[in-house]
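Before anything else, here's the structure in question.
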Amino acid sequence: TSLGVQMELVSKNSSITTRGTTGVREVEKIMKEGDTLYSKDFCRISFNLDKDAYAYIVYFDSKGTLEQLYPGPRAVRPQKVLGKTTYVIPPGDDNWFQLDEQTGTETVFLLASEEPISNLKEVYASLQGASREEVLKTLQSTAPVVKVLNFQHQ
């Protein structure tokens, strides 16, 4: 049976100043493939699976650095996520990732599997400095379900 997976990247712009007024306008929007975010903007990821399984979120930045966002780097063993439950990364209502100054294409990968993926650390290590295509191919051969969202960072 296949595993149904949904992932959303939600963005929020940093505060905007208009003509001498310091009104903070934060607009949240759901990012689509190829959308643009700007340095200092904020983003967070939400996902859910249609049944209990293992999920991993990996961020590939414009410098070619691969970073596991979920489960956190200190997680010794992956925990199964509950099906039909929405998870938000980073957790907490007021927690967001903030983009740095490094522009280019950035990619979020969600890997999902009914079994834990045991060799992920080795996989990540082998992919540091790899191209986006190599990362995608390798992750697709590592996990049964891989969702991908690319966005432009300007």
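We count residues from 1, following the sequence as given.
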Decide yes or no for Thr105 and Gln152: does some side-chain heavy atom of the first lie under 4.5 Å from some side-chain heavy atom of the second? yes
Please report the shortest heavy-atom distance between Leu3 and Ala112, naming the atom on each side. CD2-CB, 3.6 Å
So CG of Leu110 and NZ of Lys147: to nearest 0.5 Å the spacing works out to 8.5 Å
Tell me whether Glu133 contacts the main-chain N or O of Leu136 through its side chain, where contact means a donor paired with an acceptor under 3.5 Å. no
Using a 4.5 Å cut-off on heavy atoms from C-beta on, say whether the side chain of Val108 contacts that of Phe47. no
Intermediate values then yes/no, side-chain contact (heavy atoms from CB on, under 4.5 Å), Thr142 and Asn119: CA-CA 9 Å; Thr142 304; Asn119 65 334; 4.2 Å; yes
Does the plane of the ring in Tyr87 sit parallel, tilted or perpendicular to the ring in Tyr70? Use 30° and 60° as the thresholds. tilted
If hydrophobic clusters are built by linking Ile, Leu, Val, Met, Phe, Trp and Tyr wherever their side-chain heavy atoms come under 4.5 Å apart, do Ile45 and Met31 end up in the same one? yes
Should we count CD of Gln98 as having more than 12 external heavy atoms under 6.0 Å? yes
Do Asp100 and His153 make a side-chain contact, defined as non-hydrogen atoms from C-beta onward lying under 4.5 Å apart? yes
Looking only at heavy atoms, which two atoms of Asp35 and Lys29 are closest? And how far apart? OD2-NZ, 4.0 Å
Do Phe60 and Val123 sit in the same hydrophobic cluster, where Ile, Leu, Val, Met, Phe, Trp and Tyr count as joined when their side-chain heavy atoms come under 4.5 Å apart? yes
Hey, does the side chain of Arg44 reach the backbone of Asp93 with a donor-acceptor pair shorter than 3.5 angstrom? yes
Nearest non-hydrogen partners of Pro71 and Ala55, listed with the distance: CD-O, 3.7 Å
Any chance you could measure Lys80, atom NZ, to Lys51, atom NZ, to the nearest 0.5 Å? 10.0 Å
Kindly indicate whether the side chain of Leu49, heavy atoms from C-beta on, has any atom under 4.5 Å from the side chain of Tyr54. no
Separation between CZ (Phe42) and CG (Leu99), nearest 0.5 Å, reads 9.0 Å
Do Arg132 and Thr107 pair up side chain to side chain, a donor and an acceptor below 3.5 Å, judged on atom types alone? yes
Counting only heavy atoms from other residues, nucleotides and ligands, does the tally under 6.0 Å from NZ of Lys63 exceed 12? yes
Start with the C-alpha gap between Val146 and Phe109, add the side-chain angles, then the distance that decides, and say whether side-chain contact (heavy atoms from CB on, under 4.5 Å) holds. CA-CA 7 Å; Val146 178; Phe109 295 98; 4.2 Å; yes
Taking the side chain as every heavy atom from C-beta outward, state whether Val58 and Val135 have any pair of such atoms under 4.5 Å apart. no
Separation of Met7 CE from Ile89 CD1 (nearest 0.5 Å): 11.5 Å
Is the shortest side-chain heavy-atom distance between Glu106 and Asn150 below 4.5 Å? no
What I want to check is whether the side chains of Asn48 and Thr85 have a donor and an acceptor closer together than 3.5 Å. no
Side-chain H-bond candidate by donor/acceptor type, Ser11 with Glu28, under 3.5 Å: no
So does Asp50 get a backbone contact from the side chain of Lys84, meaning a donor-acceptor N/O pair under 3.5 Å? yes
With a 4.5 Å limit on heavy-atom distance, are the side chains of Cys43 and Leu37 in contact? yes
Just how far is it from atom CG of Leu149 to atom CD of Glu8, taken to the nearest 0.5 Å? 10.0 Å
Do Asp61 and Gln102 come close enough that some side-chain heavy atom pair is under 4.5 Å? no
Can you name the nearest heavy-atom pair linking Asn13 to Asp41, along with the distance? CA-OD1, 3.4 Å
I want to know whether Tyr59 and Phe97 have ring centres closer than 6.0 Å. no
Hey, are Thr103 and Gln154 close enough side-chain-wise for a donor-acceptor pair under 3.5 Å? no
Can you tell me how far the CG atom of Leu66 sits from the CG atom of Leu127, to the nearest 0.5 Å? 6.0 Å
Smallest heavy-atom separation, Val145 atom then Val5 atom, equals CG1-CG2, 3.6 Å
Count I, L, V, M, F, W, Y as connected when their side-chain heavy atoms are under 4.5 Å apart, and connections chain through other members. Are Val81 and Leu139 then in the same cluster? no
Which pair of non-hydrogen atoms, one from Glu33 and one from Val148, has the smallest distance, and what is that distance? OE1-O, 3.8 Å
